[in-house]
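Take a look at the structure below.
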Amino acid sequence: MTVRTRFAPSPTGHVHIGNIRAAIYNWLFARRAGGKYLLRIEDTDRERSTPEAVEAVHAALRWLAIEPDEPPMYQSTRREAHLAAAEKLLSSGRAYREDKGGTGKGECVIFRMPGTDMRFHDEIKGDLVKPAADLKDFVIVRSDGSPVFHLANVVDDIAMGVTHVIRGDDHIENTYRHVALFEALGAPAPRYAHLPMIVNAQGKPYSKRDGAAYVGEFRERGFLADALFNYLALLGWSPGGDRELLSRAEMIELFDFARVQSSPAQFDLRKLLWMNGEYMRRLPLAEREAQHLADLARHGLAPADTAYARRVFEIMGDRIKLFTDTAAQTVYFFTEDYPVDDRAFRKAMAREGAQEHLAEIARRLATAPSFAAADLENLVRAYGEERGVKIGQLVHPLRAAVSGTDVGPGLFEMLETLGRERVAARIARALDRARALAAPAHD
RNA sequence: GACCCCAUCGUCCAGCGGUCAGGACAUCAGGUUUUCAUCCUGGAAACACGGGUUCGAUUCCCGUUGGGGUCGCCA
């Protein structure tokens, strides 16, 4: 029997990280078993299942590169099959019609539970049992003639030949019903694996209130798909030992339900951030460029000279942890209209002799034979020794003067990249600014 | 409330009867660096509790406590 798993989201416009983790496990398990991973869009809620909402599902899967191996099934197209199954259950006596609760809404179709204790084996939770007394009959077709989730879900799983149902453990109670439905429909029940929830710091189901909760948000925030995949895969599953950074091939190789946690896992954005950084630095510079450039463009800073931009990214090293941070961290390389961190600027200029040193260094820079980083460093160091001043006293004001901030790449690489003219102009402007700050306030 | 599930550092995991209880993130203290980031070194930090079983329990069993889930003509 070849393994067939499925991800069956109902399109709501967003794909929650808990759901996508279920998709990841379905994908991993199918790959590991050499089987197929399928997609079924449960779009029976016409209100919410808009084309945009459906597209959001596809977009999320595409981004994470876990698209289905076969064309997706759209549940809304399966109504006839669902109803036919209900008829079959009606004629075999496994279901009956009734105006449940005497609502006056008319008769609905109700599935008759077998009346015996039910049990099933869960790959993650173990053997689960429920006494007959706790298993009540339930509606499978509403009085308005529409099929209910349980019926549709089971009928479609049969149609798709699903062998393993891997989903959130909020479905555990439903599983007894589903198993009974499979049996009544004369189909073998699939194997089940119920995943624990992803929770917040309070132990409650992780929701939008707790921060980014949807796949699209992580994408927009500049996270790498592979990093999110890796993080989510390890949130509740471990390959054993101390391994954390794994390629997809390795995860497929190692995936096993026996190593899936059966207790809830708390989502930790800081660890995701760290992991994203790890993936980021492993990315070839060439691949990073497009992303950095895209962020600059988003902020209206698209550089005319990409070779120059490339140098900027290079000297930034691994300081940029998120592609959405590129513009913010490199503005001053791409415009003269960059923000100045007032606190950092004042602090740097308050150093003893800062302005005097700056003015003299500017003079020497203007006539420096070379503007290469190493030569600039020698120049500044020489000046420092000459005046008996520690280099830090010179470097900090210089940095603040040319970048408006106190963080960034190595100062001399920065000066070289910025170029002689801009450095000169900025130092002059910074000196004016410093003088203005020092001048007594008047109104 | 009923039924079910769960329980190792703050967090995610390792451990599958005998370990100085390990790693990662976060955190703290140093070091390297012109800043930041990186990097290096070191520290603090956990087996919820009570009974069993056993020569021996973090590990197996049962309770307690705590947390979570489910109880729709939603999915």
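Just so we're on the same page: letters track the sequence lines, and every chain starts at 1.
In this structure, the CG atom of A:Leu254 is 13 Å from the P atom of B:A14, given to the nearest Å. At whole-Å resolution of the value, CG in A:Leu269 and P in B:C12 are 14 Å apart. Atom CZ of A:Arg243 and atom P of B:A14 are 15 Å apart (whole Å). When rounded to the nearest whole Å, the span between CZ of A:Arg177 and P of B:C4 equals 16 Å. In this structure, the CE atom of A:Met197 is 14 Å from the C1' atom of B:C4, given to the nearest Å. Distance CG (A:Asp122) to P (B:C6): 10 Å, rounded to an integer number of Å. Atoms CG (A:Leu246) and P (B:A14) sit 13 Å apart, rounded to a whole Å.
Dashed line: the shortest gap from a side-chain N or O of A:Arg281 to OP1 or OP2 of B:C39 is under 4.0 Å. Contact between the side-chain N/O atoms of A:Arg259 and the OP1/OP2 oxygens of B:G15 is found at a separation under 4.0 Å. Close to B:G10, at under 4.0 Å from its OP1 or OP2, lies no side-chain N or O of A:Gln266. Distances shown here put every side-chain N or O of A:Lys105 at or beyond 4.0 Å from the OP1 or OP2 atom of B:C73. The phosphate of B:G68 (OP1 or OP2) has a side-chain N or O of A:Lys204 nearer than 4.0 angstrom. Residue A:Arg381 has a polar side-chain atom (N or O) positioned under 4.0 Å from OP1 or OP2 of B:U34.
Side-chain atoms of A:His82 and A:Asp156 include a donor-acceptor pair closer than 3.5 Å. With no hydrogens or angles considered, no side-chain donor-acceptor pair links A:His16 and A:Asn19 at under 3.5 Å. When only modelled atom types and interatomic distance are considered, A:Thr330 and A:Arg319 share no side-chain donor-acceptor pair under 3.5 Å. Of the N and O atoms on the side chains of A:Tyr96 and A:Asp137, at least one donor lies less than 3.5 Å from an acceptor on the other residue. Using a 3.5 Å distance cut-off with no hydrogens or angles, the side chains of A:Tyr192 and A:His171 do not pair a donor with an acceptor.
Considering only side-chain atoms of A:Asp268, the nucleotide from B:C25, B:A75, B:A37 that sits closest is B:C25. Among the nucleotides B:G22, B:C13, B:C73, the one closest to the side chain of A:Asp99 is B:C73. You'll find that the side chain of A:Pro205 is closest to B:G68, out of B:U34, B:G68, B:C6. In the set B:U35, B:C6, B:G72, B:U35 carries the atom at the smallest distance from any side-chain atom of A:Arg319. Taking every side-chain heavy atom of A:Glu244 into account, B:C12 is the closest of B:U34, B:C12, B:U70. Among the nucleotides B:C13, B:G10, B:A75, the one closest to the side chain of A:Gln261 is B:C13.
B:A46: no Watson-Crick or G-U partner with both key distances under 3.5 Å is found in any strand.
Among the atoms of the strands shown, base atoms are found under 4.0 Å from some heavy atom of A:Ser143. As judged by a 4.0 angstrom heavy-atom cut-off over every strand, A:Lys125 is placed among residues touching the sugar-phosphate backbone only. When heavy atoms are screened at a 4.0 angstrom cut-off, A:Gly410 is found touching base atoms of the nucleic acid.
In this model, no side-chain donor or acceptor of A:Arg270 finds a partner on the base of B:C25 within 3.5 Å. The base of B:A26 lies outside donor-acceptor range of the side chain of A:Lys271, with no N or O pair under 3.5 Å. At a cut-off of 3.5 angstrom, the base of B:C5 holds no donor-acceptor pair with the side chain of A:Ser262. Within 3.5 Å, no donor on the side chain of A:Asp134 pairs with an acceptor on the base of B:A2, nor the reverse.
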_Criterion salt bridge (charged side-chain N to carboxylate O under 4.0 Å, His left out) on A:Glu217 and A:Lys208, from CA distance to verdict_ = CA-CA 10 Å; A:Glu217 295 179 270; A:Lys208 206 170 76 175; over 6 Å; no

